[in-house]
Amino acid sequence: MVALDFWDYIIIFSFFAITLGIGLYVSKSSGRSSAEYFLSGRSMPWWLLGMSMVATTFSTDTPNLVTDIVRTNGVSGNWVWWAFLLTGLLTVFIYAGLWRRSNVNTDLEFYELRYGGKPARFLRGFRAIYLGVIFNVITMSAVTLAAIKIGGIMLGLEPWQTVVSAGLITVTFSAVGGFKGVVYTDFVLFFVAMAGAVGAAYYLVNLPEVGGLDALFSHEEVKDKLEIVPDVNDMGSLIPLLIIPLAVQWWSSWYPGAEPGGGGYIAQRMLSAKNEKHAIGATFFFNIMHYAVRPWPWILVALASLVVFPDLESLQRAFPIVSDDKLGHDLAYSAMLTKLPTGLLGLVLASLVAAYMSTISTQLNWGSSYIVYDFYKQRINPEASEKQLVRVGRLATVGLMVLSALLALLLQNALQLFEILLVFGAGTGLIFILRWFWWRINAWSEITAMFVSGALSLILKLTPIGTYLFAKDTGIMPDWSEYIVVVLVTTLAWLVATYITPPENNRVLYHFYEKIRPGGPGWKKVVEDANVDGVELETGKKWSVPSGILAMLVGSIMIYSSLFAVGYWIYGRWFWATLLTLLAMATGTILLLLWKSIKENLE
């Protein structure tokens, strides 16, 4: 526990006042209509949306998660989320423009644009509850769990005290200000959070007990955890930490903020952009900041924590106030922050509050948009006025906050939840990628994938079957193969469902193709049928997907090179740092040239 002084309180309360002020300032315009409340009138510029995406994913549980990963598996363990860069850039160069062109209010409205009849209606309504409430509450509870640990370690707060104090201000400005309040506040939160993360890393690495970068990297507890790529001779680490994320996970798994083909709150921001170019610019900016710039301050603090708190026993001795059910390696990040000095401590606490508020406010607004548009308006009150929709959105915001706070009090570990969510969405990602470009996929494909993946995850996580099949050292299959099995079974199930169920009605397919103009060989049959039926579908433009995939690959090399170059500059490995920096510059130049051809297909 740390003692805050006058200046710390001034910094924290000034930050609270600014965020609440923004929410109240935009409340009048946000309450005019549901489109203003959830999409800010589709008028947002790329730079503001990009910063909002970065701030949203800069949540309190992210540094805790990275700390847990580094302490458990070393720096290379971060490939479990670094691999999602491929998903992100696929969204940038292929799907961002398609989403903005769809002009839907939520990404779930897509279901009744792409599919037809009762299955599409069911899918939209069910996913509104499944994602907007269940998944959303789980995600928010992980963020709140991190806030609980920070409050307990740094301020000596009981879990319920942290939940009430952190949640009250957040839910207030979220409910009042709507999406515009969230995005404007995110602009402030972005700078506060970055300053706090960098300032904390600089100070903590130079603590006397750590001794600076050279001493840190040569320390016995740290030197074996520095490699960015797992040891190629250790297949037990290489397969789960690098091969599976890069070969399977990035395209096969649905995970909040990294949905294959875009979705969730990322889609919400693309849908609120001025046009397709702004949607693409926002998502590209986000991926650069999220992967190339932001990870290293957290990684450095995680490595330094191994010197100061080498194991869970040392954490428990230092912070006996923390209960056993909240003790985990992710606690080390908060533990290190207790060593910050006055002023910087206030800034870092404000940055953590900023991270919490940004993520929770986004999740609340996004989740309530599902409840309003995809459940309430569709199933309960189709004739609801705009004022009624805004009112329901505000009530849903408060309800989601309460549910997530209650669940957070029951959780223990951030990495535990991350792994459960990964498996829960395993095998569904390929549908989200292909449904834009293959006419044969229908609503039953998605329904099957969703239920099979969810059922398998529950069976493997909550019954002895998972232990029997995949327990480390004792299971009949390697523990790392669990994810692959779920992906394989789910994929086979939805492919079978696709072919044994009737295709979508031609009228639905024609309308979708005409509105989105996806192009490509996957729509060849639909275009031919349209000609027979006397319907004209635009086919003149060059198919942009091949150049988009090339841009994705080049962009991935650029951002990974930048990420690793930063790491090697910090490590003092000058040759590799210089080589990767030059590679990042070269691929960045190539990407600019590719962008010219992609731009021609945008509105």
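All values below were derived from every heavy atom in this structure, side-chain atoms included, with hydrogens, water molecules and symmetry-related copies excluded. It should be emphasised that the depicted structure is a prediction, and the values quoted were computed from it without experimental measurement.
Between Glu504 and Arg440 there is no salt bridge, since none of the side-chain N atoms of the basic residue sits less than 4.0 Å from a carboxylate O of the acidic one. Under 4.0 Å is where a charged nitrogen must lie from a carboxylate oxygen, and between Glu276 and Arg100 no such pair does.
Within the 4.5 Å cutoff, no side-chain heavy atoms of Glu112 are placed close to those of Leu123. Residues Pro260 and Trp251 form no side-chain contact, since every pair of their non-hydrogen atoms from C-beta on lies 4.5 Å or further apart.
The backbone N or O of Ile138 sits less than 3.5 Å from a side-chain atom of Ser141, completing a donor-acceptor pair.
Counted by atom type alone, Asp107 and Tyr370 present one or more donor-acceptor pairs between their side chains at under 3.5 Å. Residues Glu109 and Gln378 bring no donor and acceptor atom of their side chains to less than 3.5 Å of each other. There is a side-chain donor-acceptor pair under 3.5 Å between Arg269 and Thr362. For the residue pair Gln388/Tyr376, the side-chain donor-acceptor check at 3.5 Å is not satisfied. For the 3.5 Å distance criterion, the side chains of Tyr483 and Ser252 qualify, holding a donor opposite an acceptor. A donor-acceptor pair shorter than 3.5 Å can be found between the side chains of Thr501 and Asn442.
Aromatic ring centres of Trp523 and Phe512 lie closer together than 6.0 Å. Annotation: Trp250 is not in aromatic contact with Phe84 [ring centroid separation under 6.0 Å not met]. A centroid separation of 6.0 Å or more is found between the aromatic rings of Phe126 and Phe375. A distance below 6.0 Å separates the ring centres of Phe110 and Trp99. Aromatic rings from Phe432 and Tyr95 are positioned such that their centres are separated by 6.0 Å or more. Taking the six-membered ring for Trp and the full ring otherwise, Trp82 and His290 have centroids separated by 6.0 Å or more. Note: Tyr560 and Trp79 meet the aromatic proximity criterion, with ring centroids under 6.0 Å apart.
Relative orientation of the Trp46 and Phe285 rings is perpendicular, given thresholds of 30° and 60° on the angle between their planes.
Tested against Asp374 for a salt bridge (charged side-chain N to carboxylate O under 4.0 Å, His left out), the candidates Arg124, Arg379, Arg127 yield a single pass: Arg124. Partner Gln268 forms a side-chain hydrogen bond (donor to acceptor under 3.5 Å, both in side chains) with one of Thr106, Asn365, Asn105 and no other, that one being Asn365.
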